[in-house]
Amino acid sequence: MENDTTRPGEDGASAGPCRADVVLEAKGVTKTYELDGVEVRALCGVDLQVCGGEMLAIMGPSGSGKSTLMHIVGLLDRPTEGTVTIDGVDVSRMEPNELAAVRNKRIGFVFQSFNLLARTTATANVELPLVYAGVPAAERARRAREALERVGLGERLLHMPNQLSGGQQQRVAIARALVTEPSIVLADEPTGNLDSRSGIEVMAFLQQLNREEGVTIVIVTHDANVARHAQRVVEIKDGRIVNDFRVEDRIDAEAELAALEGASAASGPQGGEGR
Amino acid sequence: MNFVESLRIALKALGANKVRSALTMLGVIIGVAAVILLVAIGTGVQQEITGSIEGLGSNLLFAFPGNFRGGPGGGGSGGGPGVAIRKQFTLDDAQLVQRRLGSEAIVVPVVQAAGVLKAGNRTVRSTIAAANEQGDEVFNATYVYGRHYNRSEYATGARVLMLGATPARELFPGQNPVGRDVTVNGERFVVIGVLSERGGSLSGDQDNQVYMPATTAQRLLGTRAISSIIAKANDADRIDLVKARIEQTLRPRFEDEFTVFTQEQTLGILSSLLGTLTVMLAGIAGISLLVGGIGIMNIMLVSVSERTREIGIRKAVGARTHDIMSQFVIEAVALSVVGGMVGVGLGWAGSAVLARWVPTQVTWWAVALAFFFSAAVGVFFGVYPAWKASRLDPIVALRYE
Ligand SMILES: Nc1ncnc2c1ncn2[C@@H]1O[C@H](COP(=O)(O)OP(=O)(O)OP(=O)(O)O)[C@@H](O)[C@H]1O
Ligand SMILES: [Mg+2]
């Protein structure tokens, strides 16, 4: 186990202990909200290990607790019970400022509801994590531009969130998550607001990031098809993990795109609509 | 993260919320400007009035008929509200006082009455202020043209007069009126002098006066009475002694039916009146400050939820508590300081403009008080919600509504 270096791209993970290091781990995590004296249990005793360099999908129906779990392992939220460790360090022992530093350096978030700063340009939004990382202004601007170009928004650098479509806002959020070159990306419904082609592009992008740069990726989705782009799927229902399996017939988004190109090329001289 | 970076973040955030920033600043501006302006008016009026009284000379005593220290009131005339005048002073009383005081003081009988002045086809309503040949010793008058009436003119009740700056300007615009004729209440007078302007907008009355011998005035008005007696002590330290002498002199004939005020007492009475005015203005100023403060508070509180979400976003991507705090402190301080400075500028400019109609005097304590109060309100309501939000878990801040 210890001597096995991370080999991204291989279907190395299986249910249970990882072959590589466990970067994020939840043990017996419960999350209870109290609303007017009534307890709402969003998570009831979740054990989850996220292995270094893997691409993991957390899948489940709406309201099952996926986002809640992602926020807890992303150090944005605290469990009611149970422990969360990052690189084996118990998070409850960390100061809020240490947690902020860990989020800043190691984790990139894509939120279900984007969470971009209003009335602030795409570039400034993407620069934000770099500001808190202490990166000089000129370098920040360059890296933000590169990240936005990578997600195909090179033409929209100075647009405000309300001047962008939902899908474009999503991509700004993705650029912001990537700009710090984090070792972990947590993405909540990253394709939720995109048409299927853009969705496949984003998945291709995440797979490439995972394969070529060894970034650990956790995608939250309700869509089994999206989950099949991952190496491993954790299924969650009513706050409990009900299934944890390796994806046998993993979808390669690049191949999917290529197939689409082929289909549209074959569909006629006009070029087709890229579906 | 260094200060420059925090400053940049704060300024960007202010720029991203222009309306909120402007409204907050407006609250500070209104509060500061209103306080400065109102206190400036209060102080200006007070200074002008006390100044014009002090300008008369520091060692003056005023004797009035009637008992001002209490006792039964009545419908007296000319003695002030609620004071009955049973017996008026005459020139003899003034002479008696002068004889008793000798070289200790200059004693001047004063006759005051309304008068209508005419020259050619021009008419002015003015106040007749009549005294004796030593009148300008107590009134500290200076002349543009001509001279004061002399002893023989006083003795004979000559029809001569000096014009204050206002009637001189109204009746003889751009001319030297000395030697010209003026009628006062229908009687013909010769102008022998013109007084220079005393200035001051509130005491405009001081310029709208005509001066003549008291004997002349008595004849003109058909009375043997005089309005008051003014004495100027040669030695300010002996003023209480002079006061006692005057009282001694007048008591046999008037018993308690007269009052002698020293300059100090007059100022004291005025100050208490003016104090009320200032308290009132300060009250209004306080209300403006409060209104400005509530404005600031409102804007800040209304934006709490949006700002809390903003704090959640910043924390999620790695802002530490002090990053958040320095951003919000800088934002609040910048708004308060800029708003405060604009408010000070506006208050100052407003005072300068108003000075054309009302005397104003900008005071430092008002500037400082208004500035610091508004700044404190701005900083508190800018920083306190941010401080609370910065302690939330990022997701709680992100979900805040
Ligand atoms: N702040 C909160 N207060 C009370 N209940 C909450 C809170 N946040 C989440 N919940 C509840 O916890 C449960 C899980 O919510 P969560 O957002 O994790 O669902 P999800 O799996 O992400 O769903 P979706 O696919 O619709 O985003 C829901 O029943 C929700 O009502
Ligand atoms: Mg969700």
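Note on naming: letters A, B, ... go to the chains in the order of the sequence lines (proteins, then strands), and numbering restarts at 1 for each one. Since this is a predicted model, take the numbers as computed values, not measurements.
Distance CD1/A:Ile58 to CG/A:Leu48: 5.5 Å, rounded to 0.5 Å.
Taking 4.0 Å as the cut-off between side-chain N and carboxylate O, B:Lys315 and B:Glu310 do not count as a salt-bridged pair. Contact check on A:Glu139 versus A:Arg143 returns a salt bridge, with a Lys/Arg side-chain nitrogen under 4.0 Å from an Asp/Glu carboxylate oxygen.
For a residue to count as touching a neighbouring chain, one of its non-hydrogen atoms must lie under 4.5 Å from one of that chain's; by this rule A:Leu99 does not touch chain B. When heavy atoms are compared at a cutoff of 4.5 Å, B:Arg399 approaches chain A solely by way of its side chain, counted from C-beta outward.
When each of B:Lys12, B:Arg391, B:Glu306 is checked for heavy-atom pairs under 4.5 Å with chain A, B:Glu306 comes out on top. Contact count against chain B (heavy-atom pairs under 4.5 Å) is highest for A:Arg103 among A:Arg103, A:Glu98, A:His71. Per-residue heavy-atom pair counts under 4.5 Å with chain A were compared for B:Val396, B:Asn17, B:Val317, and the maximum is reached by B:Val317.
Nearest heavy atoms, B:Glu331 versus B:Ala13: OE2-CB, 3.1 Å.
Other residues, nucleotides and ligands contribute only 12 or fewer heavy atoms inside 6.0 Å of the CZ atom of A:Arg240.
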